[in-house]
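Right, one structure below, let's go through it.
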Amino acid sequence: MPRITTESLLQMYRAMLETLGPSRWWPAQSPFEVAVGVILTQNTTWGNVEKAIANLREHDLLTPGRMATVTDEELERHIQPSGFYRQKTRNLRAFLNFLDEADGFDFIGLERWETPELRDRLLKVKGIGPETADSILLYALGRPVFVVDAYTARICHRHGLVPEDVGYDELQALFTDRLPEDAVLFNEYHALLVRVGKDWCRKKKPLCAACPLNGMGLEPAWSVLDR
DNA sequence: CTCCTGTACT
DNA sequence: AGTACCGGAG
């Protein structure tokens with residue numbers, strides 16, 4: 001395994017930022033809307049989530065208090081285009097209950113918890129796993145938490161930085177152990193990795209020659225391991 | 001490991 | 001038609 005340094009991670013960051021420009025994440029009008037988008041986008045393309053969000057906005061359901069008033073059937077209908085709509089309705093309901101019990105639907109009231117405790121509490125909510133919890137912490141609450149995902153794993157694995165079956169915490173530590181604890185940096189870094197993962201470091205037929213991360217002196221491990 | 005689900009892309 | 005999608009639960 002190659003030695004990974006702070007400078008090499010920052011070099012990757014700069015390469016992506018220079019090529020792609022800033023990402024302006026998370027696209028939403030409130031912290032609650034961010035959290036809803038985070039939950040809806042689990043294993044789902046963002047375009048489908050946008051349709052669901054648009055439905056919710058049309059019906060003025062993008063606040064915890066308003067969303068809590070509708071039935072499961074109505075919520076299912078609105079978020080249907082984002083897929084997994086029965087599960088996600090349960091997940092949204094569980095998150096609403098969490099907000100209600102935590103702070104009476106005042107999303108900003110979550111500020112009273114330090115990040116590690118708030119993360120533990122989020123992870124106890126059914127439907128909220130590590131990536132969803134961290135995305136809410138970073139993109140809804142501005143906490144300096146580095147979000148990793150399948151794209152991050154794929155990109156890092158193909159550059160020989162981690163094994164293919166790297167776990168969430170281990171992959172996250174790769175970045176948090178070496179980068180300054182900066183929410184603005186973490187926000188943009190994850191956004192850039194997702195964009196690279198979608199458009200260049202694709203699962204099949206990766207476009208390595210045109211990739212923003214091409215020619216960084218990293219080992220293209222994928223080329224000899226799989227296809 | 002399988003299931004969950006709709007949509008868009010190849 | 002097959003595949004992939006800003007995962008998580010059982």
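Counting to the nearest Å, the C1' atom of C:dA4 and the NZ atom of A:Lys204 are 10 Å from each other. Protein atom CH2 of A:Trp46 is 16 Å distant from nucleotide atom C1' of B:dG6, rounded to whole Å. If you take CZ of A:Arg154 and P of C:dG7, they are 10 Å apart, rounded to a whole angstrom. Nucleotide B:dG6 holds its C1' atom 15 Å from the CD atom of A:Glu50, rounded to whole Å. To the nearest angstrom, P of C:dG7 lies 6 Å from CG of A:Asp149. Atom CD of A:Gln42 and atom C1' of B:dT5 are 13 Å apart (whole Å). Here B:dT2 presents its C1' atom at 13 Å from CG of A:Asn43, a figure rounded to the nearest Å. Atom CG in A:Asn48 sits roughly 6 Å away from atom C1' in B:dG6 (whole-Å rounding).
Between B:dA8 and A:Lys51, a contact under 4.0 Å exists linking OP1 or OP2 to a side-chain N or O.
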| Between A:Cys156 and A:Val166, is a side chain to side chain contact (heavy atoms under 4.5 Å, CB included) present by the stated rule, with each step listed? | CA-CA 10 Å; A:Cys156 289; A:Val166 62; over 6 Å; no
| request: List the steps, then state whether salt bridge (Lys or Arg N to Asp or Glu O under 4.0 Å) holds for A:Glu73 with A:Arg77. | output: CA-CA 6 Å; A:Glu73 291 71 30; A:Arg77 263 188 287 122; over 6 Å; no
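Nucleic acid contact class of A:Leu193 (heavy atoms, under 4.0 Å, all strands): none. Using a 4.0 Å heavy-atom cutoff across all strands shown, A:Arg195 reaches no nucleic acid atom at all.
Looking at A:Asn187, its side chain does come within 3.5 Å of a backbone N or O of A:Trp25 through a donor-acceptor pair. Checking side-chain atoms of A:Tyr189 against main-chain N and O of A:Leu9 turns up a donor-acceptor pair under 3.5 Å.
Straight-line distance between the P atoms of C:dG10 and B:dT5: roughly 14 Å, to the nearest whole Å. Taking atom P on both nucleotides, C:dA1 is separated from B:dC4 by 22 Å, rounded to a whole Å.
Annotation: of the two residues near DNA chain C, A:Trp25 and A:Val125, the 5′-most nearest-nucleotide partner is A:Trp25.
For the segment residues 78-101 of chain A, residues with any heavy atom less than 4.0 angstrom from an atom of DNA chain B are, sorted by number, A:Gln80, A:Pro81, A:Gly83, A:Phe84, A:Tyr85, A:Arg86, A:Gln87.
A pairwise comparison of heavy atoms in A:Phe98 and A:Leu122 identifies CE2-CD2, 3.7 Å as the closest pair.
Between A:Pro130 and A:Arg119 there is a side-chain heavy-atom pair separated by less than 4.5 Å. Between A:Ile39 and A:Val36 there is no side-chain heavy-atom pair separated by less than 4.5 Å.
For A:Thr132, the listed nucleotide lying nearest its side chain is C:dG7; candidates were C:dA4, B:dT10, C:dG7.
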